[in-house]
Amino acid sequence: MRRKIVAGNWKMNNTLEEGIELAGQINDLVENTEINDVDVVIGTPFIHLTEVNKVVGEKIGVAAQNCADEKSGAYTGEISASMIKSTGSKYVILGHSERRTYYGETNEILVKKVNLTLENGLAPIFCIGEVLEERQAEKHFEVVKSQIAEGLFHLSAEEFGKVVLAYEPVWAIGTGVTASSDQAQEMHAFIRKTLVEQYGEEVANNTSILYGGSCKPSNAKELFENADVDGGLIGGASLKAEDFMGIITAF
């Protein structure tokens, strides 16, 4: 059975002290709540990784929000996958829509990042999704399939089995337009069908596909009831421990 996952993405928020406090609050709630087989992940800024790993217990995995596309060397300001691994972290968020949009990350760059992440024993949370213009032009399936194929289909079935996918309807984030539960299921089902075509049913059915479009405690249960939605990549709601916990317990 594929894993249910709720992953928080703090983005560029929280000082180190604030991050340690928030991680501690989340950890306390997770430790003291009966959770039905849900993997909990916290995606923190780089400077938080080591300290947050000290604060959380075994029930919570820590993720970096990005990594460099080189192993090491004269790349001022970059953080390598091996550095992330050394902090005790288990995941790396890759290809987030903000990285693609603001920092020009291409599928070619992401291939290198995916490879380095896997080489260091880390699990990529690989983000995919279309913008409003692509949705309006009815190119959303084409765009998402291309992102998956160009970024991940160089992997063997065994390697791909270590990847978590996260679908972000970029057009529904901060635009005033809302993605429905049915739209989320439709895209997740399409993604799984795409994986079946490449890797077969066993790999596809064991791949966790998270939803990353403004998931909140108020709509998490409806989203998670969909057959192909295996959890969420949570932005703003992950910055408040009780809100994040409300999403985790929605399963």
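This structure is a prediction, so every number in the text was calculated from the model and none was measured.
A distance of 3.5 Å separates CD in Glu159 from OG in Ser156, rounded to the nearest 0.5 Å. Residue Glu133 holds its CD atom at 13.0 Å from CZ of Arg135, rounded to the nearest 0.5 Å. Atom OG of residue Ser180 and atom CD of residue Gln185 lie 10.5 Å apart, to the nearest 0.5 angstrom. Distance CH2/Trp171 to CG/Leu132: 8.0 Å, rounded to 0.5 Å. Remark: Ser218 OG to Asp243 CG distance equals 9.0 Å, nearest 0.5 Å. Here the CD-CG distance, from Gln25 to Asn27, works out to 11.0 Å after rounding to the nearest 0.5 Å.
Proximity of a side-chain donor or acceptor of Thr50 to a complementary backbone N or O of Thr87 within less than 3.5 Å is not detected. For the pair Arg2 (side chain) and Ser208 (backbone), a donor-acceptor distance under 3.5 Å is absent. Judged purely by atom type and a 3.5 angstrom limit, Glu168 has no side-chain atom pairing as donor or acceptor with the backbone of Gly213. Listed for the Glu31 side chain is no donor-acceptor partner under 3.5 Å among the backbone atoms of Asp28. Checked by atom type and distance alone, the side chain of Arg3 never pairs as donor or acceptor with a backbone atom of Asn206 at under 3.5 Å. In this structure, the side chain of Ser238 engages the main chain of Gly235 through a donor-acceptor pair within 3.5 Å. Side-chain atoms of Gln198 never come within 3.5 Å of backbone atoms of Leu195 as a donor-acceptor pair (strictly under, hydrogens ignored). In this structure a side-chain-to-backbone donor-acceptor pair under 3.5 Å is missing from Asn226 to Asp228. For the pair Glu150 (side chain) and Asn107 (backbone), a donor-acceptor distance under 3.5 Å is absent. Under a 3.5 Å cut-off, the side chain of Glu18 and the backbone N or O of Thr15 do form a donor-acceptor pair.
Around atom CD of Glu201, no more than 12 heavy atoms belonging to other residues, nucleotides or ligands sit under 6.0 Å away. When the shell of 6.0 Å around NZ of Lys59 is examined, it contains more than 12 heavy atoms from other residues, nucleotides or ligands. Other residues, nucleotides and ligands contribute only 12 or fewer heavy atoms inside 6.0 Å of the CD atom of Glu242. Within a 6.0 Å radius of CG in Asn32, more than 12 heavy atoms belonging to other residues, nucleotides or ligands are found. At most 12 heavy atoms of other shown residues, nucleotides or ligands fall within 6.0 angstrom of atom NZ in Lys90.
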Step-by-step side-chain contact (heavy atoms from CB on, under 4.5 Å) determination, Tyr167 to Leu210: CA-CA 6 Å; Tyr167 167 62; Leu210 314 184; over 6 Å; no
Worked check of side-chain contact (heavy atoms from CB on, under 4.5 Å) between Ile209 and Val229: CA-CA 6 Å; Ile209 308 174; Val229 178; over 6 Å; no
Steps toward side-chain contact (heavy atoms from CB on, under 4.5 Å) verdict (Ile5, Val38): CA-CA 5 Å; Ile5 302 171; Val38 181; 6.0 Å; no
Steps toward side-chain contact (heavy atoms from CB on, under 4.5 Å) verdict (Ile93, Cys127): CA-CA 7 Å; Ile93 300 170; Cys127 301; 3.9 Å; yes
Stepwise salt bridge (Lys or Arg N to Asp or Glu O under 4.0 Å) test for Glu130 and Lys139: CA-CA 8 Å; Glu130 79 282 7; Lys139 293 182 177 180; over 6 Å; no
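With no hydrogens or angles considered, a side-chain donor-acceptor pair links Thr106 and Glu108 at under 3.5 Å.
The stretch residues 110-134 participates, sequence neighbours left out, in no ring pair (Phe, Tyr, Trp, His ring centres under 6.0 Å) pair at all. Within the structure, no pair that satisfies the ring pair (Phe, Tyr, Trp, His ring centres under 6.0 Å) test touches residues 67-108, not counting sequence neighbours.
Side-chain heavy atoms closer than 4.5 Å link hydrophobic residues (I, L, V, M, F, W, Y) into clusters, and following such links, even through other members, never connects Ile20 to Ile42. Val196 and Met187 fall into different hydrophobic clusters, where Ile, Leu, Val, Met, Phe, Trp and Tyr side chains are chained together by heavy-atom contacts under 4.5 Å. By the rule that hydrophobic residues join a cluster once side-chain heavy atoms approach within less than 4.5 Å of another member, Val143 and Leu152 end up as members of separate clusters. Residue Val6 is grouped with residue Met245 when hydrophobic side chains (ILVMFWY) are merged at heavy-atom distances under 4.5 angstrom, including chains of intermediate members. In this structure, Val40 is not a member of the same hydrophobic cluster as Val55, with clusters built from ILVMFWY side-chain heavy atoms closer than 4.5 Å.
Annotation: side chain of Asn219 is in contact with side chain of Lys216 (closest heavy-atom distance under 4.5 Å). In this structure the side chain of Ile60 reaches within 4.5 angstrom of the side chain of Ile26, judged on heavy atoms. Annotation: side chain of His48 is not in contact with side chain of Gln65 (no heavy-atom distance under 4.5 Å). Residues Val163 and Thr207 form no side-chain contact, since every pair of their non-hydrogen atoms from C-beta on lies 4.5 Å or further apart. Annotation: side chain of Val92 is not in contact with side chain of Ile125 (no heavy-atom distance under 4.5 Å). In this structure, the side chains of Leu118 and Pro124 come closer than 4.5 Å at one or more pairs of heavy atoms. Contact of the Asn120 side chain with the Ile84 side chain is not registered, since no non-hydrogen atoms from C-beta on lie closer than 4.5 Å.
With sequence neighbours left out, the ring-ring contact (aromatic ring centres under 6.0 Å, His included) criterion links Phe46 to no other residue. Applying the ring-ring contact (aromatic ring centres under 6.0 Å, His included) test to Phe244 and every residue at least two apart in sequence or in another chain returns nothing. Applying the ring-ring contact (aromatic ring centres under 6.0 Å, His included) test to Phe251 and every residue at least two apart in sequence or in another chain returns Phe224.
Between Lys4 and Asp230, no side-chain nitrogen of the basic residue sits less than 4.0 Å from a carboxylate oxygen of the acidic one, so the salt-bridge criterion is not met. Using a 4.0 Å cut-off between charged nitrogen and carboxylate oxygen, Lys145 and Glu142 do not count as a salt-bridge pair.
Here the shortest heavy-atom pairing between Cys215 and Ile247 reads O-CD1, 3.6 Å. Closest approach of Gly212 to Pro169, counting heavy atoms only: C-CD, 4.2 Å.
Checking each of Asn9, Val41, Val164 against Leu233 for a side chain to side chain contact (heavy atoms under 4.5 Å, CB included) leaves exactly one that passes, namely Asn9.
The aromatic rings of Phe141 and Phe190 lie tilted to each other, with the angle between the two planes from 30° to 60°. Between Phe153 and Tyr199, the angle of the ring planes goes over 60°, which puts this pair in the perpendicular group of the 30/60° scheme.
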If you look only at distance, which donor and acceptor atoms sit under 3.5 Å apart when one is on a side chain in residues 109-117 and the other is two or more places apart or in another chain?
{"residue": "Lys112", "atom": "NZ", "partner": "Glu70", "partner atom": "OE2", "Å": "3.0"}
{"residue": "Lys113", "atom": "NZ", "partner": "Asn66", "partner atom": "OD1", "Å": "2.9"}
{"residue": "Lys113", "atom": "NZ", "partner": "Cys67", "partner atom": "O", "Å": "3.1"}
{"residue": "Lys113", "atom": "NZ", "partner": "Glu105", "partner atom": "OE2", "Å": "2.6"}
{"residue": "Asn115", "atom": "OD1", "partner": "His154", "partner atom": "NE2", "Å": "2.7"}
{"residue": "Asn115", "atom": "ND2", "partner": "Val111", "partner atom": "O", "Å": "3.3"}
{"residue": "Thr117", "atom": "OG1", "partner": "Lys113", "partner atom": "O", "Å": "2.8"}

